[in-house]
Amino acid sequence: MSPTMRSPVPEQVPDEGNTKKLEEYSKMKTIRRNHLCANVTFIICAIIYAEAQSDCTSPAIKCGCEQRNNKFIINCRDKKLTKIPVFNNTSIQYEELTFSSSYPNTSKCSVCNRITFIPPRAFVNLNVKRIDLTRNALTYISNDSFAGVEPYLKELLLEGNEAKEPNYAALKNLTGLTTLHLENFQQTTLYSNNIFGYLQNLEYLKLKTFKKLSFIDSAAFQNKVPKLKTLWLEDLPLVTYPAGAVLNIPSLQTLHFINTPVYKLYSMSFKDLHSLKVLDLSHNKIDSIENDTFTGITDTLLFLNLAVNRIGYNINIRESLNFLTSQNWTNLEQLSLDYNKLDTFLEGPFRTMSNLRYLTLESCQLSSISSRLLQGLQNLHTLDLSQNRISDISVNAFVHTPQLKDLRLYEQNHKFSKDLAINFPPAAVKIVRTSLTHLNIEQNLVNVSEIWEIIELLTNLEELKLRSTNLVTVPDFVFRYHTQLQVLDLSENQITSFDQKSFHGLKDNLTSLSLANNNLTTIDECVFKNFSKLNYLYLTGNMWTCNCHLLWLYDWITNKMSAEPGTEYIMECVCHSPPKLSEKYIQAVNRSDLSCIPVYIPYTCPDYYITTITTTTSTTTPKSTPIFKIFITEVMIFSINVFWTIDDKSDVTGYVLNIYDLQNTSRKSLTNLHRDNTRFKFKGLQPQRTYNICLQVELNNILNQNLISCVTQSTKSVPAFELFKKTISDTYIEVRWKVSDMTEITGFLLSIVPLKNATDKHYETIPRDGSSFLFRNLKSFASYKICLELIIKGQVYDKEEKCITLQTKKTNKTVRQRTAA
Ligand SMILES: *[C@@H]1O[C@H](CO)[C@@H](O)[C@H](O)[C@H]1NC(C)=O
Ligand SMILES: *[C@@H]1O[C@H](CO)[C@@H](O)[C@H](O)[C@H]1NC(C)=O
Ligand SMILES: *[C@@H]1O[C@H](CO)[C@@H](O)[C@H](O)[C@H]1NC(C)=O
Ligand SMILES: *[C@@H]1O[C@H](CO)[C@@H](O)[C@H](O)[C@H]1NC(C)=O
Ligand SMILES: *[C@@H]1O[C@H](CO)[C@@H](O)[C@H](O)[C@H]1NC(C)=O
Ligand SMILES: *[C@@H]1O[C@H](CO)[C@@H](O)[C@H](O)[C@H]1NC(C)=O
Ligand SMILES: *[C@@H]1O[C@H](CO)[C@@H](O)[C@H](O)[C@H]1NC(C)=O
Ligand SMILES: *[C@@H]1O[C@H](CO)[C@@H](O)[C@H](O)[C@H]1NC(C)=O
Ligand SMILES: *[C@@H]1O[C@H](CO)[C@@H](O)[C@H](O)[C@H]1NC(C)=O
Ligand SMILES: *[C@@H]1O[C@H](CO)[C@@H](O)[C@H](O)[C@H]1NC(C)=O
Ligand SMILES: *[C@@H]1O[C@H](CO)[C@@H](O)[C@H](O)[C@H]1NC(C)=O
Ligand SMILES: *[C@@H]1O[C@H](CO)[C@@H](O)[C@H](O)[C@H]1NC(C)=O
């Protein structure tokens with residue numbers, strides 16, 4: 001399961017309605033759900049479409065039977081039915097009979113059912129618990145429609161054609177009903193003498209899209225529905241909230257009152273609903289809420305949804321939110337205020353919600369996260385601030401929310417300052433450094449250096465979304481401590497290359513990585529070596545160079561596909577070059593086409609994990625002691641780069657770095673550094689030697705011997721290399737060579753000397769990409785000693801050379817003449 005789907009209160013997304021805002025809201029939620037679905041598609045689809053199990057027989061010819069959780073469902077969806085079919089007499093007990101549709105809008109749908117009529121005794125032979133007739137425009141329901149099915153029927157869903165009142169007489173005998181859903185009927189008033197009194201067992205009642213219903217009598221439910229837990233009133237033209245009628249249902253636990261023109265909520269509207277836990281007032285026109293509106297339920301409510309209203313539009317935001325601050329919301333866990341206008345906050349609007357865990361403020365026109373916004377939210381877990389216009393995040397923005405796990409900041413629209421990156425000071429995340437597991441900053445212009453610093457600090461991240469954030473590189477070792485990271489999205493950036501260091505640290509838990517739509521051409525074979533859980537690698541939208549360097553990818557995809565047949569790996573790696581492979585999927589080409597000139601030389605991936613990071617930070621020093629750690633960022637043949645983090649630099653006046661050669665402990669050197677430094681490069685080291693490097697922190701100009709963090713690291717060895725004969729004639733010798741690791745090689749130095757005359761020595765400098773050389777104009781039948789040395793980072797490494805002695809051939813006159821010509 002996706003880790004973002006863990007809210008204890010299910011997301012309350014209302015049914016599709018017809019306001020623009022509602023559509024936008026629903027669309028957004030759908031997109032997100034699909035996004036989540038991408039990770040679990042295979043599993044979900046397998047469950048939903050597991051139709052036609054053997055012991056599941058449909059009592060009607062045209063309908064199917066589905067088995068779900070060992071229950072049988074008669075599936076008459078999308079079967080072009082215009083009448084209720086005849087059901088055979090079977091002894092099977094069915095959970096559900098559905099005539100609904102998989103298409104949200106049936107008007108242009110050719111397979112949808114169009115049943116308008118329910119004849120008497122339509123379901124007489126059935127033992128069925130739930131009948132769903134939504135998405136059919138019923139015009140006639142007989143008084144006896146449900147005769148025979150009364151003992152079994154518990155849930156009934158009916159949809160009219162907007163023109164007729166529901167035939168309530170047909171429902172009178174359904175005394176066992178627990179759920180009733182009526183949609184698209186015509187009715188102007190709901191009087192007190194209605195049939196609800198017969199439905200004593202009703203627990204769930206939904207009235208949706210009654211386009212003329214303008215009045216609900218305050219006695220409409222009085223003493224009628226003693227077990228009603230959920231009342232859902234949607235898309236009704238009521239201009240005032242029917243407080244009187246609803247207050248008469250004290251058993252109510254969930255109330256949805258959505259998509260109405262109601263613009264004001266009055267004092268004491270819910271005062272007697274002492275069991276109310278979920279109150280959904282979204283998608284109305286509410287701009288004014290009196291201070292005492294929620295009195296009586298502020299300590300019972302778990303979820304309050306006021307999304308998609310007009311709060312802050314007509315009345316200033318401070319006054320608009322008095323209803324929040326003037327009450328103590330002791331148990332409230334989730335609050336949604338999405339799609340209102342909360343552009344300026346003066347003081348902590350949520351400070352009386354100490355148990356709030358989920359706060360969503362999407363599209364609220366917020367321009368900053370001030371230090372006061374989240375005041376009092378010490379239990380906040382999820383904060384959604386997506387689609388605002390936040391340009392400034394206070395360094396103290398999260399000081400009140402030390403439990404924050406999930407921060408969503410995607411798509412801040414900077415309408416007025418397109419080129420201005422969000423100011424997100426890294427120090428702001430210090431307090432949530434260990435708690436934050438999910439971070440989404442997609443589709444923003446960010447300050448790249450700030451963002452990487454933030455990520456470096458958030459070592460407990462499990463999901464990180466950086467899609468479309470103008471990134472061009474992934475800094476070396478930035479994920480070295482991110483062992484929990486499972487999902488990383490770097491798509492739609494301009495990343496041109498990365499290597500093994502870029503994702504170092506992620507090998508054990510990373511399951512999904514998106515690099516789609518970047519500027520990549522290749523991936524080094526060491527990058528994903530030993531990534532044991534990586535199953536989703538999105539590579540589409542890059543211009544891949546399909547040559548020997550992607551052989552590993554070819555093999556990896558092939559292996560994955562054969563190991564788990566039926567699993568779609570969404571790699572879509574399309575070749576861009578060479579021209580003959582252009583536009584082909586990499587797995588569709590012949591393995592032998594992935595070639596290189598000169599030939600591919602397998603090499604050993606460096607193992608950065610061998611570094612043992614030993615930190616000895618004293619625990620006896622006072623509380624204000626900073627926590628710091630030194631680590632290796634790069635290991636080379638002659639150098640080691642180190643980096644350190646420190647949580648609080650306020651008393652730091654400098655650092656001292658020591659390096660000891662462990663083979664020769666007398667060799668040690670000290671370097672004093674200014675407090676602003678965070679990295680250092682030790683140069684001029686010996687290859688393949690082990691060093692101990694320690695960082696000491698100087699606090700207020702005093703060097704504390706206990707404040708020390710050390711690492712032990714060996715430099716890399718000089719790569720192995722070999723020189724070979726390639727071709728020989730009477731006048732030339734061609735040699736070639738192989739090197740085990742080209743990383744630091746910048747070129748080669750070749751020398752040639754005739755054995756007969758040691759003073760006649762010549763040198764040739766060859767660039768990095770060369771791997772062979774032709775010595776011309778040699779004497780025939782003469783011996784030459786040819787030697788190769790490596791040029792490492794611009795310096796000739798003369799401590800090691802590889803030599804061969806070769807003899808040119810005797811002149812063959814014919815050949816020589818031809819060569820001359
Ligand atoms: C209903 O019963 C009749 C007669 O027993 C049988 O021919 C027909 O196939 C049955 N239809 C279904 C859908 O089971
Ligand atoms: C259906 O079957 C039951 C027993 O299996 C029987 O009592 C009843 O009369 C049958 N009804 C019809 C309409 O055949
Ligand atoms: C369904 O589609 C029809 C035709 O395009 C349109 O007129 C109608 O408004 C749509 N209904 C809904 C609920 O979107
Ligand atoms: C309801 O049930 C009663 C008694 O069982 C019966 O007399 C009456 O005809 C039924 N009404 C309808 C509409 O089925
Ligand atoms: C259906 O029942 C209602 C109310 O009991 C009654 O007024 C009406 O005449 C009945 N309709 C038919 C067709 O029997
Ligand atoms: C509502 O509450 C606020 C703050 O608690 C107070 O200043 C204001 O006067 C109250 N308004 C009314 C109408 O009672
Ligand atoms: C809310 O609780 C605080 C502390 O428990 C208390 O001081 C304050 O008066 C309460 N406010 C209301 C409106 O009940
Ligand atoms: C990015 O942030 C750093 C540190 O906060 C700052 O020095 C730098 O000026 C910012 N860069 C841009 C382009 O805003
Ligand atoms: C992988 O993630 C799980 C769960 O988050 C964690 O328990 C485990 O320690 C992680 N593995 C490593 C090697 O850190
Ligand atoms: C990435 O590719 C795009 C389109 O090809 C180009 O405009 C952009 O400059 C490239 N960015 C980098 C960093 O190479
Ligand atoms: C040896 O090589 C040098 C330099 O090319 C040349 O001057 C000299 O004449 C050569 N000696 C012999 C014996 O060929
Ligand atoms: C010299 O050339 C002749 C004619 O092409 C050939 O037969 C002979 O094998 C050659 N000898 C050598 C040593 O290459």
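Atoms within a ligand are numbered from 1 in the order they appear, just like the ligands themselves.
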Less than 4.0 Å between a side-chain N and a carboxylate O, is that true for Lys212 and Glu162?
no
Could you label the plane-to-plane angle of the Phe146 and Phe123 rings as parallel, tilted or perpendicular, counting under 30° as parallel and over 60° as perpendicular?
parallel
Spatial distance of atom CG (Asp299) from atom OG1 (Thr330) [nearest 0.5 Å]:
4.5 Å
Here the atoms of ligand 10 under 4.0 Å from any heavy atom belonging to Thr496 are 12 (C), 13 (C), 14 (O)
Show me a pair-per-line table, with atom names and distances to 0.1 Å, of protein N or O atoms that are under 3.5 Å from an N or O of ligand 5.
from, atom 1, to, atom 2, distance (Å)
ligand 5, 2 (O), Asn143, OD1, 3.3
ligand 5, 2 (O), Asn143, ND2, 2.3
ligand 5, 11 (N), Asn143, ND2, 2.8
ligand 5, 14 (O), Asn143, ND2, 3.3

What are the atoms of ligand 6, with element, lying closer than 4.0 Å to any heavy atom of Ser326?
5 (O)
Geometric class of the Phe528/Phe503 ring pair [parallel <30°, tilted 30-60°, perpendicular >60°]:
parallel
Within 6.0 Å of OH in Tyr198, more than 12 heavy atoms from elsewhere:
no
Give a yes or no answer on whether the side chain of Thr473 reaches the backbone of Ser497 with a donor-acceptor pair at less than 3.5 Å.
no
Could you walk me through whether Tyr339 and Gln365 pass the side-chain hydrogen bond (donor to acceptor under 3.5 Å, both in side chains) test, one step at a time?
CA-CA 8 Å; Tyr339 290 88; Gln365 307 186 22; over 6 Å; no
